[in-house]
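Input: a single structure, listed below in structure tokens.
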Amino acid sequence: MTEALVSIPALLARNVAQFGGKPAYREKEFGIWQSWTWTEAAEEIEALALGLLDLGIAPGDYVALLGRNRPAMYWGLVAVQMAGGVPVPLYHDAAAEEIAYALDHCGARFAIAGDQEQVDKIQDVLDRLPGLEHTIYLDARGLRKYDHAALTAYTDVQNAGRSWRERFGDELQRRRDGLGYDDTCVMLYTSGTTGRPKGVVLSNRNIIETSKNSSEFDHLRPGDEILAYLPMAWVGDFIFSVGQAYWTGFCVNCPESEDTMMTDLREIGPTYYFAPPRVFETQLTHTMIRMEDAGRIKKALFDHFMAHARKVGPDILDGRPVGGWETLKYRMGEALVYGPLKNTLGLSRVRVGYTAGEAIGPEIFDFYRGLGINLKQLYGQTEASVFITQQPDHEVRSDTVGVPSPGVEIRIDDSGEVFYRSPGTFVEYYKNPDSTASTKDAEGWVATGDAGFIEKDSGHLRIIDRAKDVGKMADGRLFAPKYVENKLKFFPNILEAVVFGADREMCCAFVNIDLTAVGNWAERNNIAYGSYQELSQHPRVLETIRGHVAQVNRSVAEDEMLSGCQVHRFVVLHKELDADDGELTRTRKVRRRIIEEKYADIIAALYSGQDEIATETEVTYEDGRKGKIRATLKIQEAEVVGDSQRMAAE
Amino acid sequence: MVKDAADPIVTADGRTIGDVLMDMRGITLRFGGVEAIKDISFDIREGEIRAIIGPNGAGKSSMLNVISGFYVPQEGEVWFRGEKRPPMKPYQVARQGIARTFQNIALFGGMSVLDNVMTGRLTHMDSSLLSQAIWWGRAQKEEVENRAKVERIIDFLEIQHIRKTPVARLPYGLKKRVELARALAAEPKLLLLDEPMAGMNVEEKEDMSRFILDVNDEFGTTIALIEHDMGVVMDLSDRVVVMDYGRKIGDGTPDEVRGNQEVIDAYLGVAHD
């Protein structure tokens, strides 16, 4: 290695030299997987970088990228860096308003948009963005009639770049060689559960050191395959699909469309796979629903072997000793049930699988581990370039998030908040020194905002809740909403839950039903419903949910410290909490403050002892228009394990 | 109100609409003693989106069936691409380059989306039955070419995820899209859409509107459509024919039609002070 590997373009050059003819990117288009080798990808990237120079990109310019996962968008990330700029991938499902904020905040001069929808969003807010000079679009469809004064097709930019190679080639070389280890590699906006999004600046050092450490930790290798389907604006996708992919030299596969992800997963059969708990939950729910429809023999076989898998599967995976008969039976199950099921799920070849972002239900986790899929948990955040802790092979549990990742130091302060320091620790929040200072101290320790503790025996970290959400109830008992919400969400019928109780005398909750699971149940039981709202208020649905809440209360009551968090009263909401309405972040985390404001009337009713509440809620459609829905919600009393507490509504 | 064929027509978004593609002259259609269409004349020009609107029973669907050759009018002439069209069988009309979708979806329920759309290519296949049966030579080459065209349409209408799903399993809105895909697969000169938005919710209507506009823009396909939803019609179409009780009571750009008192009275309801 002659060249120092201090930037993504430098890694690209190394990969061309080492793996030139191996596939770097694949994308399914027109029903066929198209692929690009490292050499071909490098040519495309260079053409785009030259085209950007032709458009006048200056070193340090910010370039926003908006679009779903496609090879050309990934090339955009690298080309921008190659041309000396800073790529800023944004959430492609963000509303025009959110995009306007980010574009204005970073002062982007250029934007690369995936299609007409993204171009429209940019044009809607163009008058507020004097800095934005030019938009490059990928999919030309529907854009023919647009004014092309400041709008150019991606391929046209590349072609211009190719024809100007002589003129800009040297300049590009200079800029590429000038990239240093501490220059900015990428800027990512955190969705932020509170306040405005912040631009997290990550340097080449952050990304490359982290990618190196984490790739070695899990023994990733060239020839591995991943499916890139999570938002490009999310730090995880940048680490997996750019950082680790370039460090290791494995192949990034892009699905045909967002809706074909499951089919594409099966066709590619990734060896390294990441999904938030929600995806695993959905897959499991679908499997269970389909098994309900299967014949009696198949169903019996499935139930029998899955019970066995739950019992011994995780032990076999972790290499713990298991009896001879049990092992034999597991092998039979592998041939009859586990193998075919993994194949259907597209997870046959997974060597390393991760889930993170939210807690995953122990049943769900054990289901996949039982099948022999090496699913692990990690704990991370944008500011750490993902990795803070992760679970080593053979030390996997559903209730911990693992040991500190290589190179990461962890410390827990007196209040229980988790702090870390690592090579991946972000440089700063862009144009926000106050926030930077309050998050990262002079010695480089970063506050995660999460409360947790390190288990004495195993050295694994356990996260309880967001530190700022952990509070006290009116009588001084500990209040940890997420702890209870997670327990509720582990039921397939419950999609989302929000628990209230800080500074109050008892806990109350909002519950969202899962339309797939509950709808299927309704169909099976001949329960007719016309809408989500109607189904959510059906007496038998309410009864089922009441049962779930009671069960959670019993489990919460077992923990003496948290027994105050039992849910006394709750409502099943008439609409799904939605990121478009600002109730969730784009990564689907609950925004408590906004929900508390928006549904203040329902919360008041929960605490006032009313037995129903008529309410009106504003909803935002996908295109940004607003509408209103009205509903009368029946407030439910939940069974509480009687400790010293008073009964709910007396 | 009817514009002379020689006048260039400029649409609201500044496009000039081309030559007359189809000219309906003095069409009268009777079912026994009932006159469904009474002496109606209008034209459809190349590259435009032409809407036919009117209250229930106005004769819109009959008109569409005359255009598609399913009904033969008792009086009047249909001119297509500068030639007077003799009475024809529907398949002959299809060969001429006219494709349609139906108000009540008419797909092959047991077949996959892909196969359904492939049937739209039928008029473009001319290898023999034998060579198709053994899938040899010309038939093989033809199928590959046709599949490539069909895949572009599948991509265009964003139905990749249901490519292999049997149509009967699909929800209504998607079936409508598959019908549109099949009609497009025939690469028609003129595309007839019979109530493309009927029974759809707001978001499905928006999607469908976008697809119709994109088809018109991307492939340059001339589109004639019947629609109930006034908002959709006014936003989508370049020109509108308004029918009532089998008569034509208005013809022009959406703005012209909107201002026409007879149309307002008949269709949009009489305004009260």
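All values below come from the heavy atoms of this structure, side chains included, with hydrogens, waters and symmetry mates left out. Order of the sequence lines fixes the chain letters, A, B, ..., with proteins taken first and strands second; residue numbering starts at 1 for each chain.
- Residue-environment remark: CZ (B/Arg169) stays at or below the threshold of 12 foreign heavy atoms within 6.0 Å.
- Salt bridge status for A/Glu29 with B/Arg152: absent, with no side-chain N to carboxylate O gap under 4.0 Å.
- For B/Glu203, the part lying under 4.5 angstrom from a heavy atom of chain A is the side chain only.
- Heavy-atom distances place no part of B/Val150 under 4.5 Å from chain A, backbone and side chain included.
- Looking at A/Gln116 and B/Asp214, their side chains come closer than 4.5 Å, going by heavy atoms from C-beta outward.
- Electrostatic pairing of B/Arg210 and A/Glu117 does not count as a salt bridge here, judged by no charged N lying under 4.0 Å from a carboxylate O.
- Within 6.0 Å of atom CD in A/Glu534, more than 12 heavy atoms from other residues, nucleotides or ligands are found, so the atom counts as buried in its surroundings.
- The structure places CD of B/Glu158 at 5.0 Å from CZ of A/Arg141, a figure rounded to the nearest 0.5 Å.
- The distance from the CD1 atom of A/Ile32 to the CD atom of B/Glu151 is 7.0 Å, given to the nearest 0.5 Å.
- Of all non-hydrogen atoms in B/Asp217 and A/Arg144, the two that sit nearest each other are O-NH2, 2.5 Å.
- Atom-to-atom distance recorded for B/His161:NE2 and A/Thr260:OG1 is 9.0 Å, nearest 0.5 angstrom.
- In this structure, OG on A/Ser257 lies 11.0 Å from CD1 on B/Ile159, to the nearest 0.5 angstrom.
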